[in-house]
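Side chains are part of it too, since the values below use all heavy atoms of this structure and drop only hydrogens, waters and symmetry mates.
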Amino acid sequence: MVSYSHDKLPSAPPSVEVLAKACRVGKVEEVRALLKQEGAAALVNKPWGFGGHSPLMWAACNGHLGVVRLMVGECRGEPVDLDMKVLPR
């Protein structure tokens with residue numbers, strides 16, 4: 001089972017699994033803490049789990065607007081197409 005405790009966060013970038021699970025259940029403060037880790041912003045649109053949803057998609061699909069706003073606002077999640085290629089801004 002994944003723990004979202006602030007005192008147990010790894011020093012390396014979080015795995016996409018940890019970030020996606022926090023996004024999926026709407027844990028805004030845990031997502032905020034994870035995103036402060038170096039390299040974490042690159043995981044915002046990385047596919048994970050059933051259907052290949054990214055952490056951002058998991059948050060959006062489950063109605064967690066606070067997490068979506070956090071990820072888009074603070075991380076500037078890159079827009080991607082359906083083939084998971086980064087689109088130009």
Note to self: Quick check: closest heavy atoms across Ala40 and Leu34, and the distance to 0.1 Å?
What the structure shows: CB-O, 3.2 Å
Check: What's the spacing between Lys27 NZ and Lys21 NZ if we round to 0.5 Å?
Finding: 13.5 Å
Notebook entry, point to check: What heavy-atom pair brings Gly66 and Val28 nearest, and what distance separates the two atoms?
Noted result: C-CG2, 4.2 Å
Notebook entry, point to check: Which pair of heavy atoms, one from Gly52 and one from Pro47, lies closest together, and at what distance?
Noted result: O-CB, 3.2 Å
Note to self: Side-chain heavy atoms nearer than 4.5 Å, only ILVMFWY residues, links allowed to pass through others: does that put Met57 and Leu70 together?
What the structure shows: no
Check: Where is the tightest heavy-atom contact between Arg24 and His64, given as atom of each residue plus distance?
Finding: O-NE2, 3.0 Å
Margin query: Are the side chains of Met71 and Cys23 in contact, using a 4.5 Å heavy-atom criterion?
Written below: yes
Checklist line | Side-chain (His53) to main-chain (Trp48) donor-acceptor, under 3.5 angstrom | finding: no
Check: Given side chains that start at C-beta, do those of Asn62 and Val67 come closer than 4.5 Å, heavy atoms only?
Finding: no
Next item on the list: Check side-chain hydrogen bond (donor to acceptor under 3.5 Å, both in side chains) between Arg32 and all other residues, then give those that pass, not counting sequence neighbours.
Entry: Glu29, Glu74
